[in-house]
Amino acid sequence: QVQLVESGGGVVQVGGSLRLSCVVSGGTFDRYAMGWFRQAPGKGREFVAGILLHTITHYEDSVEGRFTISRDNAKNTVYLQMNSLNPEDSAVYYCAAYFVPVGLLSRESNYNAWGQGTQVTVSS
């Protein structure tokens, strides 16, 4: 089965940066759309960013201009570069694979495989 493993989370000061990575194994990575979602304590999981191929991206309004999603197909890896972090960005971040990407990147139910998450904490 397809497996996803996130890394790169940690504690960062307000205004700082982090780069999350997600390594995908057991599938045809090049064909998947990839997404990042996050879940803060007491809240539901929300869409953060998605990428189809190398050029089609979509972002949640609150992160657009601060976060960048990218992928390296040779490494079966998707990244989330996070800049200008604020406390509202604190959450567990999950990567997800959308096997047959014919629908919306932002729709959680479209994704077929999920990682276990990595914690991001922005201190104030």
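Taken to the nearest 0.5 Å, the CG atom of Leu53 stands 7.0 Å off from the CZ atom of Arg71. Note that the CG atom of Asn76 and the CE atom of Met34 stand 9.5 Å from one another [nearest 0.5 Å]. The CG atom of Asp89 sits 6.5 Å away from the OG atom of Ser62 when rounded to the nearest 0.5 Å. Interatomic distance, OG of Ser124 versus CG of Leu85, reported as 12.5 Å (0.5 Å rounding).
At a cut-off of 3.5 Å, with distance as the only test, a side-chain donor of Asn83 or Ser17 sits close to an acceptor on the other residue.
Hydrophobic clustering, with ILVMFWY side chains joined whenever heavy atoms are under 4.5 angstrom apart, keeps Leu20 apart from Tyr79. In terms of hydrophobic clustering, with Ile, Leu, Val, Met, Phe, Trp and Tyr side chains grouped at heavy-atom distances under 4.5 Å, Val92 and Val63 are assigned to a common cluster. Residues Val23 and Val2 fall into different hydrophobic clusters, defined by Ile, Leu, Val, Met, Phe, Trp and Tyr side chains chained together at heavy-atom separations under 4.5 Å. A continuous path of hydrophobic side-chain contacts links Tyr93 to Val122 [ILVMFWY only; heavy atoms under 4.5 Å]. There is a path of hydrophobic side-chain contacts, each under 4.5 Å, that joins Val14 to Val12.
Using a 4.5 Å cut-off on side-chain heavy atoms (C-beta onward), His58 and Leu52 make no contact. Counting heavy atoms from C-beta on, the side chains of Ile69 and Tyr59 come closer than 4.5 Å. The side-chain heavy atoms of Phe67 and Thr57, taken from C-beta on, include no pair separated by under 4.5 Å. Contact of the Arg45 side chain with the Trp114 side chain is registered, since non-hydrogen atoms from C-beta on lie closer than 4.5 Å. The side-chain heavy atoms of Asn86 and Arg66, taken from C-beta on, include a pair separated by under 4.5 Å.
Put simply, the side chain of Thr77 gets close to the backbone of Lys75: a donor and an acceptor are under 3.5 Å apart. Listed for the Gln39 side chain is a donor-acceptor partner under 3.5 Å among the backbone atoms of Lys43. No side-chain donor-acceptor contact under 3.5 Å links Asn73 to the backbone of Phe29. The backbone N or O of Gly9 sits less than 3.5 Å from a side-chain atom of Thr118, completing a donor-acceptor pair.
The neighbour count for Glu46 CD, taken as heavy atoms of other residues, nucleotides or ligands under 6.0 Å away, is above 12. Heavy atoms from other residues, nucleotides or ligands lying under 6.0 Å from CD of Gln116 number 12 at most.
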Inset, instruction - In sequence, state the C-alpha distance, the side-chain angles, and the governing distance for Arg19 and Met82, and then conclude on side-chain contact (heavy atoms from CB on, under 4.5 Å). - result: CA-CA 6 Å; Arg19 188 194 193 204; Met82 304 185 294; over 6 Å; no

Inset, instruction - Would you check, one step at a time, whether the test side-chain contact (heavy atoms from CB on, under 4.5 Å) holds for Leu80 with Val48? - result: CA-CA 10 Å; Leu80 185 68; Val48 177; 4.2 Å; yes

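Taking the ring axis of Tyr94 as reference, the NZ or CZ atom of Arg38 does not stay both within 45° of it and closer than 6.0 Å to the ring centre.
Of all heavy-atom pairs between Leu105 and Ala33, the closest is CD2-CB, 3.5 Å. Residues Leu4 and Cys95 share a closest heavy-atom pair of CD2-SG, 3.6 Å. Heavy-atom minimum distance, Tyr98 versus Gly103: OH-N, 2.6 Å.
For an aromatic pair to be called close, the ring centres must be under 6.0 Å apart, and Phe37 with Phe47 satisfies this. If you look at Phe99 and Tyr32, their ring centroids are closer than 6.0 Å.
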